[in-house]
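Everything on this sheet refers to the single structure shown next.
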Amino acid sequence: MIFVGLDAHLDRVPGTVSAYLARLDATAPTWIRHPATTHYAASTMKVAVLVALYRALEAGRLASDTAVPVRNEFDSAQPGAARFGCTRPVHNDDDVWDRLGGTAPLRWLAERMIVRSSNLATNLLLDQVGLPAVADVWARAGARHSVTGRGIEDFAARAGGITNLITAADLAALLRDLALGATRPGPLATPESCTAMLELLVAQEHREDLAVGLPVGARIAHKNGWVRGVRHSVGVVYPDDAPPYVLAVCTTGDDPDHSPDEDACQLIADISARAFARRHQLG
C-alpha cells in the first residue's frame, strides 16, 4: 500500500472523503476510498455538459459560432414550476454577466463555463444541449451513479428531489475517457474534440485544491466544484517523468456551517501531493 496511514487519517476528518487514483493505462485503480459514494456534484457536472456540447458540435446539431441570447431565465426541471435564474456571484464570471441582454458564441460560453466556472454560461449551454444529452455522456463514460438532473440554482427542482450527483469513480472515469480519447478514438468524442476539451480544463483558473499539491508548472487538466460544505476536484496529471494519472477527490462535510472550504482545499492538495510524490509507483 503506497498510502499507508492515509485512510486512517481521513477517517478522522468530519464528513465523507471519497477518492479514486489510477494511471491512465492501468486496468485497476491504485487507491480508492468510498469510490461509489454519491456527493452533490457542484460544478464538477460542468465537464459532462462540456462533452455533451462537443458531441452536438460534431454531429452538426449545433455550431460553435452560434450567437446564443444571454438571458438569466430558464425552465425548471420540475414540471409546472416557475422559471428560475442564477444569482450573480462576486468576481466569478463577470464577462458572461456583462453580456446580459446581448449574445455570445457557444464555444465562448463553453470556455467561460470551464475556465471561470460560470454558472450562467452553464445554464445557457444546458438549454442548448438538453439534459438527456448530458445523461448520455455519463452513460458513455460508464458512470454508475452520477446524474445531472437540473440546471444550477433550480431550487424548485431541488425541492422536488431532482438533483445533480457524482461519485469519485464516475468523475475519474469521465476524465480518463477524455484523456485517452485525445490519443485514440473513444466513447466520448473525436480525438480532436477531446484534445480541445482537455486544453480548456488545463486553462481553468480555479487552482486552489488539486493543482496546489503539484510542483509549479506541472500540467493538469482538471475541474473542481464547491458549495458550502462541499469541495470536489478531479483531474488528469501529466508528469514529465512518469505516465499520466487521474485523481478524483470528493469531500462533503457533516455540517455545512462548520466545514471551512480552506480546510477542504488543503486536504485535497495534500492528497494530490502524496499522489505526485508516488507517481512512479502508480499502476
Side-chain angles (χ1 to χ4, degrees), residues 40-138 147-160 162-164 166 178 189 193 196-207 221-228:
Y40 176 65
S43 289
T44 58
M45 48 78 77
K46 294 172 183 176
V47 180
V49 177
L50 180 71
V51 178
L53 172 63
Y54 270 78
R55 289 184 57 79
L57 295 175
E58 288 178 359
R61 294 191 296 272
L62 295 172
S64 63
D65 58 353
T66 296
V68 177
V70 179
R71 51 181 174 72
N72 187 26
E73 190 176 3
F74 307 99
D75 290 332
S76 174
Q78 176 68 20
R83 306 192 85 195
F84 72 97
C86 293
T87 302
R88 182 167 184 168
V90 178
H91 306 306
N92 177 268
D93 60 342
D94 288 344
D95 289 350
V96 183
W97 284 94
D98 288 346
R99 294 199 182 204
L100 202 62
T103 63
L106 269 177
R107 200 178 295 274
W108 182 84
L109 288 171
E111 175 190 343
R112 304 316 297 173
M113 175 177 69
I114 298 300
V115 173
R116 290 299 297 161
S117 203
S118 168
N119 291 342
L120 181 57
T122 303
N123 282 351
L124 290 167
L125 291 172
L126 271 174
D127 256 11
Q128 295 293 314
V129 302
L131 289 168
V134 183
D136 180 62
V137 169
W138 286 118
V147 61
T148 303
R150 60 174 174 83
I152 297 173
E153 297 189 56
D154 184 353
F155 298 129
R158 183 180 70 179
I162 302 171
T163 189
N164 299 327
I166 50 84
L178 259 184
S193 290
M197 288 185 275
L198 286 171
E199 289 301 321
L200 286 178
L201 292 165
V202 168
Q204 82 106 343
E205 298 174 6
H206 294 284
R207 302 177 61 84
H222 75 304
K223 184 71 190 79
N224 40 26
W226 61 94
V227 295
R228 181 177 292 184

[X]: partners by side chain to side chain donor-acceptor pair (under 3.5 Å), with sequence neighbours left out:
X	answer
Asp154	Ser76
Glu205	Arg116
Arg61	none
Ser193	Glu58, Thr190

**Message:** Holding to side-chain contact (heavy atoms from CB on, under 4.5 Å), I want the full list of residues that pass it with Ala67, two or more places apart in sequence or in another chain.
**Reply:**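 side-chain contact (heavy atoms from CB on, under 4.5 Å) check on Ala67 returns Thr103.
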**Request:** Kindly write out the residues that satisfy side-chain contact (heavy atoms from CB on, under 4.5 Å) with Arg99, not counting sequence neighbours, or none if the list is empty.
**Result:** Val70, Ala104, Pro105, Trp108
**Prompt:** Among all residues two or more places apart in sequence or in another chain, which pass the salt bridge (charged side-chain N to carboxylate O under 4.0 Å, His left out) test with Glu153?
**Reply:**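 Glu153 satisfies salt bridge (charged side-chain N to carboxylate O under 4.0 Å, His left out) with no residue once adjacent residues are dropped.
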**Message:** Could you work out, with salt bridge (charged side-chain N to carboxylate O under 4.0 Å, His left out) as the rule, every residue matching Arg207, not counting sequence neighbours?
**Reply:**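 Residues passing salt bridge (charged side-chain N to carboxylate O under 4.0 Å, His left out) with Arg207: none at all.
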**Asked** Which pairs count as ring pair (Phe, Tyr, Trp, His ring centres under 6.0 Å) when at least one residue sits in residues 112-131, sequence neighbours excluded?
**Response** none
**Asked** Could you give all pairs that pass the salt bridge (charged side-chain N to carboxylate O under 4.0 Å, His left out) test and reach residues 129-138, with sequence neighbours left out?
**Response** Arg55-Asp136, Asp136-Arg140
**Residues in ring pair (Phe, Tyr, Trp, His ring centres under 6.0 Å) contact with Phe84, at least two apart in sequence or another chain** = Phe74
**Item:** Residue pairs passing the side chain to side chain donor-acceptor pair (under 3.5 Å) test where at least one lies in residues 122-131, sequence neighbours excluded
**Value:**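 Sorted pair list: Arg71-Asp127.
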